[in-house]
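As structure tokens, the structure follows; a few thoughts come after it.
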Amino acid sequence: MTDTRFSGVFTQQEALPADAIAAAVDVMQSGRLHRYNSLNGEATETELLETEFAAYQGCRFALACGSGGAAMQIALRALQRKPGSVVLTNAFTLAPVPGAIAACGLTAVLVETTPELVLDVDDLARKAAFTPGAVLLLSHMRGHLSDMDAILEVVARHNLILIEDCAHTMGASWKGRMSGTHGLAGCFSTQTYKHINSGEGGFLTSDDPEFMARAVMLSGSYMLFDRHRAAPDAEVFADIKLETPNTSSRMDNLRAAILRPQLRHLDENVDRWNALYEAVADELSRSNSIRLPQRDGWGKFVGSSIQFFLDGIDQDAASAFVARCGARGVELKWFGASDPKGYTSNHSSWRYLEAQNLPQTDALMAGLFDMRLPLTFSIEDCRLIGSIIRDCAALGDPS
């Protein structure tokens, strides 16, 4: 063991590419930042981004939204469910997922988590049996893709409506099929710590014309829905345009201009993230104390963060471990903490939901640690980070 310290910054993203900066400057010089502010019928940056994202996903329709959370809320509202209707979702996720359910006046029923950090399909089947026809808002939390064949079998058996939260899986796929294309809709985020960066922003995608027409109206299109090039034909809006409220959740041309060049570089950046992930994982795998969740070989993931377990660790030891890593420059998040911190929380602190008994998830969260892997890090950085975590885990290992 050594006292080597890591000096990098876990919240420092790469600079925007030069072509994104140039595109943003063009929009600012035009003054036409609003997505519907254009001259002579020209395509705006937001329209073009939607078309390009739909093509990237291989789906019919895409809607650029103000955030990933807004995309989820629009999706849930577009389903026109009665207040209090059940939405099944992951117990292991981030607060915007249950937050979207609660904000729409729906009832979240949380599903247990497996040691691979994905939705427990058996628990899903048990709970779906009591709520046939419910919505499943499936969160691919931290990029861990569920066995989609097994998920879709439960969805079909219980007539569930599947919406995918792909905030951490933009660019990922299952058996060659893009994350977000397995159900009715996919929801994506372009917040700074996601895979393309506009500060805030998101997408909603679907192949269903009526669902997407309601989504476009909900986003705040007014009667300008025909200005969406990746949207249903105008006749689909005939009644929907009069029946659907406006929630003003649009993306603007400035953010769209920033995102379009980044989307073109996404696949190469996925490869870069996965190389960083493998460097850290290789170091962690040499520890007798640390367990990494196993990923199914059928899925292409995006390793923009890494998770690992110290099984059996208690609260005091977990806090001390996080502090040891922090003292050496490695910033970890711990999902088992009794109080939420920063972006990290667990179901016990979501008091806007009815309290739920989730012993399997609770046992896993007690020893679960999480770390970002920004593209500003090098392979050498990640090897050093992994070795520091190993050292700090060994100091707390009584064996």
Side-chain angles (χ1 to χ4, degrees), residues 16-17 19-20 23-24 27 33 35-36 38 42-75 78 140 143 163-174 176-209 211-216 218-221 224-233 249-270 273 300 302 304:
L16 295 176
D19 46 358
V27 171
L33 276 65
R35 70 161 296 156
Y36 301 119
S38 61
E42 65 185 354
T44 65
E45 291 287 337
T46 312
E47 291 175 63
L48 293 172
L49 174 64
E50 289 170 338
T51 302
E52 290 161 1
F53 192 72
Y56 179 82
Q57 281 293 114
C59 61
R60 292 180 66 188
F61 311 123
L63 174 67
C65 304
S67 69
M72 285 188 283
Q73 290 192 45
I74 288 170
H140 299 303
I163 297 173
E164 295 176 74
D165 163 33
C166 305
H168 302 161
T169 54
M170 185 188 294
S173 61
W174 170 264
R177 186 170 176 177
M178 296 299 290
S179 171
T181 63
H182 293 85
L184 173 66
C187 303
F188 300 82
S189 173
T190 64
Q191 186 251 27
T192 285
Y193 300 120
K194 303 307 188 292
H195 299 157
I196 56 178
N197 171 19
S198 60
E200 289 288 356
F203 295 103
L204 176 62
T205 61
S206 181
D207 288 330
D208 185 285
F211 170 84
M212 188 53 82
R214 285 195 293 272
V216 169
L218 281 160
S219 75
S221 69
L224 301 173
F225 49 82
D226 59 345
R227 302 278 295 278
H228 289 249
R229 298 188 176 207
D233 293 336
S249 301
R250 299 171 297 271
M251 184 180 285
D252 56 81
N253 286 329
L254 182 57
R255 284 183 286 177
I258 290 170
L259 290 171
R260 290 181 63 209
Q262 292 181 69
L263 182 59
R264 294 193 285 270
H265 298 294
L266 176 57
D267 287 339
E268 63 191 70
N269 283 341
V270 168
W273 266 307
K300 176 187 175 184
V302 186
S304 55

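As the structure is a prediction and not an experimental result, all values here were calculated from the model.
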Approximate separation, where rounding is to 0.5 Å, of Leu184 CG and Thr205 OG1: 9.5 Å
Spacing of CZ belonging to Arg35 relative to NE2 belonging to His228, to within rounding of 0.5 Å: 3.5 Å
Nearest non-hydrogen partners of Leu218 and Ala78, listed with the distance: CD1-N, 3.6 Å
Nearest heavy-atom neighbours spanning Ala23 and Ala257: CB-O, 3.7 Å
Side-chain heavy-atom pair Gln262, Asn197 within 4.5 angstrom cut-off: yes
Closest non-hydrogen atom pair between Ala230 and Ala54, with its separation: CB-CB, 4.4 Å
Pair Leu63-Met212, side chain to side chain contact (heavy atoms under 4.5 Å, CB included): steps then yes or no: CA-CA 8 Å; Leu63 174 67; Met212 188 53 82; 4.1 Å; yes
Qualifying salt bridge (charged side-chain N to carboxylate O under 4.0 Å, His left out) pairs with a residue from residues 54-74, counting only residues at least two apart or across chains: none
Partner residues of His168 under the ring-ring contact (aromatic ring centres under 6.0 Å, His included) criterion, sequence neighbours left out: none
For Asp208 against Ser206, the heavy-atom pair lying closest together: N-OG, 3.0 Å
Pro17 and Arg264, any side-chain heavy atoms less than 4.5 Å apart: no
For Cys166 against His140, the heavy-atom pair lying closest together: SG-CD2, 4.0 Å
Point-to-point distance, once rounded to the nearest 0.5 Å, from CG of Leu204 to CD of Glu50: 10.0 Å
Thr46 OG1 to Arg229 CZ distance, which is reported to the nearest 0.5 Å: 12.0 Å
Ser173 vs Met178 side-chain heavy atoms within contact, under 4.5 Å: yes
Spatial distance of atom CD (Gln57) from atom OG1 (Thr181) [nearest 0.5 Å]: 6.5 Å
side-chain contact (heavy atoms from CB on, under 4.5 Å) against Gln191, all qualifying residues, sequence neighbours excluded: Ser189, Tyr193, Lys194, Glu200, Tyr343
Trace of the side chain to side chain contact (heavy atoms under 4.5 Å, CB included) decision for Glu164 with Thr169: CA-CA 10 Å; Glu164 295 176 74; Thr169 54; over 6 Å; no
Phe211 to Ala75 - nearest heavy-atom pair and separation: CE1-O, 3.5 Å
Nearest-0.5 Å distance, CG of residue Leu263 to CD1 of residue Ile196: 5.0 Å
Ile163 and Met72: CA distance, side-chain angles, deciding distance, side chain to side chain contact (heavy atoms under 4.5 Å, CB included) verdict: CA-CA 8 Å; Ile163 297 173; Met72 285 188 283; 5.8 Å; no
Pairing residues for Phe53 by the ring-ring contact (aromatic ring centres under 6.0 Å, His included) criterion, not counting sequence neighbours: Phe188, Phe203
Ser198 and Thr190: side chain donor to acceptor below 3.5 Å: yes
CA sep, side-chain torsions, deciding dist, call: Gln73, Ser249, side chain to side chain contact (heavy atoms under 4.5 Å, CB included): CA-CA 10 Å; Gln73 290 192 45; Ser249 301; over 6 Å; no
Tyr56: partners by ring-ring contact (aromatic ring centres under 6.0 Å, His included), with sequence neighbours left out: none
Residues which pass side-chain contact (heavy atoms from CB on, under 4.5 Å) with Leu48, listed by chain and number, not counting sequence neighbours: Ala43, Glu52, Arg260
